[in-house]
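Excluded from the calculations below are hydrogen atoms, water molecules and symmetry mates; all remaining heavy atoms, backbone and side chain alike, are included. So that the names make sense, note that chain A is the first sequence line, chain B the second, and so on, each numbered from 1.
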There are 2 protein chains.
Amino acid sequence: MHDHSVHVQCGDCPIRHRAVCARCDTDELQRLEQIKYYRSFQAGQTIIWSGDRMEFVGSVVSGIATLTQTMEDGRRQMVGLLLPSDFVGRPGRSTAAFDVTATTDLVMCCFRKKPFEELMATTPHVAQRLLEMTLDELDAAREWMLLLGRKTAREKIASLISIIARRDAALHLRRASGNLSVDLPLTREEMADYLGLTLETVSRQISALKKDGVISLEGNRHVQIPNLDRLLEEAGDDSDGGMLV
Amino acid sequence: MHDHSVHVQCGDCPIRHRAVCARCDTDELQRLEQIKYYRSFQAGQTIIWSGDRMEFVGSVVSGIATLTQTMEDGRRQMVGLLLPSDFVGRPGRSTAAFDVTATTDLVMCCFRKKPFEELMATTPHVAQRLLEMTLDELDAAREWMLLLGRKTAREKIASLISIIARRDAALHLRRASGNLSVDLPLTREEMADYLGLTLETVSRQISALKKDGVISLEGNRHVQIPNLDRLLEEAGDDSDGGMLV
DNA sequence: GGACCTCCTTGATGCAGATCAACCGATTGG
DNA sequence: CCAATCGGTTGATCTGCATCAAGGAGGTCC
């Protein structure tokens with residue numbers, strides 16, 4: 001059986017899409033090339049409002065986007081974090097269920113939704129690949145639910161840092177020998193929205209982890225991790241969460 | 001294009017599966033019939049432990065099952081609630097990511113995973129239907145994240161009751177005229193695990209909602225809802241959450 | 001240079017929900 | 001029949017995080 005998890009290099013995209021499956025020879029890539037286009041967004045720009053029609057699906061090429069949900073009185077919860085190579089979109093759905101916002105300058109590689117869906121309808125393994133990706137997201141969402149429902153503020157911060165570290169590692173970035181280091185792509189407020197905390201608590205807990213030697217800071221955004229196991233322990237994850245290295 | 005959202009009556013199952021798409025004539029149903037079987041579980045029995053191999057996928061026929069995640073020190077978070085007609089399983093995955101437990105006596109209609117996956121690989125619309133269902137679950141998980149991260153205990157309880165009421169309504173149950181009523185299929189402790197609270201807080205908030213006339217109780221498990229809008233307001237949901245009626 | 005951002009940190013105080021504990025009613029079982 | 005267990009309620013107290021508030025570091029604009 002063909003391995004659907006192989007990423008595909010998409011034309012001149014600087015990243016490998018995870019959306020589609022590389023069959024070594026097919027014309028599917030050609031068909032994808034025909035319906036693809038690029039879009040840029042400025043930092044802070046909302047890409048889609050909850051309830052809007054979604055005209056495209058696609059992958060993040062560079063930059064960061066967030067999925068957020070907001071209550072009437074302004075309470076906000078982040079429900080998705082999109083880093084480069086992440087897929088956005090809901091094939092088969094007409095409207096977005098959440099706000100999608102570019103938190104940095106952002107480039108996306110988009111496919112018009114209709115032809116993408118037609119492609120999907122005729123090529124089973126594309127639908128299967130998307131199913132796998134959606135199941136991955138669901139797993140991540142459920143980990144996130146444990147974090148939101150049961151973890152302490154300190155554990156939440158430690159979890160967030162290790163999640164980002166894991167993502168970075170998966171993309172083969174900054175494999176500095178020994179001393180792992182991570183750029184936090186979020187402001188304190190965005191971290192708070194991610195973790196179900198206030199920005200003050202985020203700041204305090206980061207300071208506390210620093211004081212206790214679990215992490216060290218270089219500027220506000222750059223984190224060094226002298227001992228990953230220690231960080232994972234602080235995160236309260238099961239030991240097998242350390243599939244990072 | 002064929003409507004994939006149509007449920008299918010599956011042989012002698014008392015419910016309609018949402019897992020598979022009814023094409024009016026095909027042999028897919030026959031192929032499903034060939035690989036299907038029933039399994040029963042006792043209340044309290046764990047169906048699958050996190051990390052176990054999963055040999056089947058299937059639908060809940062009767063009873064309630066939960067997906068839960070547990071930390072080393074015993075803190076527990078429910079991450080999924082499976083009511084009759086809900087689908088369980090992760091085609092393409094070999095191991096379960098969470099504990100699956102029958103909280104009541106339970107009957108499931110199962111399909112052996114391998115042949116089910118083969119069926120999926122050759123029939124694009126089955127994969128598409130599964131993708132849609134998984135996207136539904138993902139949406140639900142993200143609503144749940146807002147609940148866990150940002151809602152107060154009172155809002156959480158009100159949300160839970162309205163979610164169950166909505167589910168009941170979707171299955172065309174107990175459409176008592178005017179005065180809506182709901183059976184809570186969970187103990188206070190299970191509700192607490194669902195909502196990221198303690199069982200004491202759950203009990204207190206239910207009492208408070210009762211005292212304030214938002215709900216009334218008949219026994220411990222049976223809830224009457226005199227005014228659904230009021231309940232939805234208490235839940236802090238956007239007004240469009242009331243697609244119930 | 002100074003005014004004004006945005007992002008972040010730290011302190012003081014308050015409160016929602018956790019924790020600890022007692023008790024109730026309904027079952028179950030010897 | 002009484003002991004034991006399970007699910008639930010309610011009270012008293014404690015605490016982790018939110019809230020309110022002040023101020024600092026860096027960047028940009030005039």
Atom-to-atom span, NZ of K210(A) to P of dT9(C) - whole angstrom: 8 Å
Nearest listed nucleotide, side chain of L217(B), among dT9(D), dT9(C), dC7(C): dT9(D)
Check against side-chain hydrogen bond (donor to acceptor under 3.5 Å, both in side chains), K210(A) and S216(A): CA-CA 5 Å; K210(A) 179 179 155 195; S216(A) 59; over 6 Å; no
Length of the line joining I206(A):CD1 and dC7(C):P, which is rounded to integer Å: 15 Å
R204(B) side chain, from C-beta outward: closest of dT10(D), dG17(C), dG8(D): dT10(D)
Any S207(A) side-chain nitrogen or oxygen under 4.0 Å from OP1 or OP2 of dT10(C): yes
Side-chain (T201(B)) to main-chain (L197(B)) donor-acceptor, under 3.5 angstrom: no
OP1 or OP2 of dG8(D) under 4.0 Å from side-chain N/O of S203(B): no
Sugar-phosphate only, base, or nothing, as touched by R221(B) at under 4.0 Å among non-hydrogen atoms: sugar-phosphate
Along DNA chain C (nearest heavy atom to each residue), the more 5'-positioned of R188(A) and A153(B): R188(A)
Spacing of L199(A) atom CG relative to dG23(D) atom P, expressed in whole Å: 18 Å
Close side-chain approach of F98(B) to R142(A), heavy-atom, < 4.5 Å: yes
Between P of dA22(D) and CD of E200(A), the distance in whole Å: 14 Å
Between dA16(C) (P) and L197(A) (CG): distance, integer Å: 18 Å
Distance in angstrom units between K151(A) NZ and dG16(D) C1', rounded: 17 Å
Candidates dA18(D), dT9(D), dT9(C) - which lies nearest the side chain of T198(A): dA18(D)
Sugar-phosphate, base or nothing in reach of G196(A), heavy atoms under 4.0 Å: sugar-phosphate
Closest to the Q205(A) side chain, choosing from dC8(C), dG8(D), dC17(D): dC17(D)
Parallel, tilted or perpendicular: ring planes of Y194(B) versus W144(B), cut at 30 and 60 degrees: parallel
Rounded distance (Å) that lies between atom P of dG27(D) and atom CG of N220(A): 11 Å
Residue pair E143(B) / Q77(A), side-chain heavy-atom distance below 4.5 Å: no
d(CD1, I157(B); P, dG8(D)) in whole Å: 12 Å
